[in-house]
Amino acid sequence: MSQFFEKIEGFVSPEEYNRFLKYVEKQCESNVLEEITPDTTYGRGEIYGGRWFKELASGCIWRLVEPDPPFYGVWEVVDKK
């Protein structure tokens, strides 16, 4: 499992999402994460899309889905089952 990240089940505001997105992008620059091509058919909970990232130390695949009210967005591990 992940060494650095925890699931986020919704962002309080667009600003919080944008701050987290910048944090994730900095983790890519620091070689903690690597952005990868998402599986466009993956839609856990009927929520499709988002940007996918591989955590290099653990191999965990994460996805970041932007808020789109009434949905608050998500940062979660991709369940490949």
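All residue numbers in this chain count up from 1 along the given sequence.
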Spacing of [X] atom [atom1] and [Y] atom [atom2] [to the nearest 0.5 Å]:
X     : Y     : atom1 : atom2 : answer
Lys54 : Trp62 : NZ    : CH2   : 15.0 Å
Ile61 : Asp39 : CD1   : CG    : 11.0 Å
Cys60 : Phe53 : SG    : CZ    : 14.5 Å
Tyr48 : Thr40 : OH    : OG1   : 10.0 Å
Glu25 : Phe20 : CD    : CZ    : 11.0 Å
Gln27 : Glu29 : CD    : CD    : 9.5 Å

*List the atom of Tyr42, the atom of Arg63, and the distance in Å for their closest heavy-atom pair.*
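Result for this residue pair: CE2-NE, 3.7 Å.
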*Specify the closest pair of heavy atoms between Pro38 and Gly50, including all atoms of both residues, with the distance to one decimal.*
CG-O, 3.9 Å
*Going by the side chain to side chain contact (heavy atoms under 4.5 Å, CB included) test, name the single residue among Val65, Leu21, Val24 that passes it with Arg51.*
Leu21
*Check the hydrophobic clustering (I, L, V, M, F, W, Y; side-chain heavy atoms under 4.5 Å; chains of links allowed) and say if Ile8 and Val74 are grouped together.*
no
_Quick check on the hydrophobic clustering: are Phe71 and Leu64 connected, directly or via other members, by side-chain heavy-atom contacts under 4.5 Å?_
no
_For Tyr72, give me all partners under ring-ring contact (aromatic ring centres under 6.0 Å, His included), at least two apart in sequence or on another chain._
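Counting only residues at least two positions away or on another chain, Tyr72 forms no ring-ring contact (aromatic ring centres under 6.0 Å, His included).
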*With Glu66 via side-chain hydrogen bond (donor to acceptor under 3.5 Å, both in side chains) - residues at least two apart*: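 Glu66: no side-chain hydrogen bond (donor to acceptor under 3.5 Å, both in side chains) contacts found.
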*Only counting residues at least two apart or in another chain, list the ones meeting side-chain hydrogen bond (donor to acceptor under 3.5 Å, both in side chains) with Glu34.*
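In terms of side-chain hydrogen bond (donor to acceptor under 3.5 Å, both in side chains), with neighbours along the sequence ignored, Glu34 is linked to no residue.
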_Evaluation steps, side chain to side chain contact (heavy atoms under 4.5 Å, CB included), between Leu56 and Val32_ = CA-CA 6 Å; Leu56 298 178; Val32 173; over 6 Å; no
*Is it true that Trp75 and Phe11 have ring centroids separated by less than 6.0 Å?*
no
*Side-chain donor-acceptor pair present, Trp52, Glu35, cut-off under 3.5 Å*: no
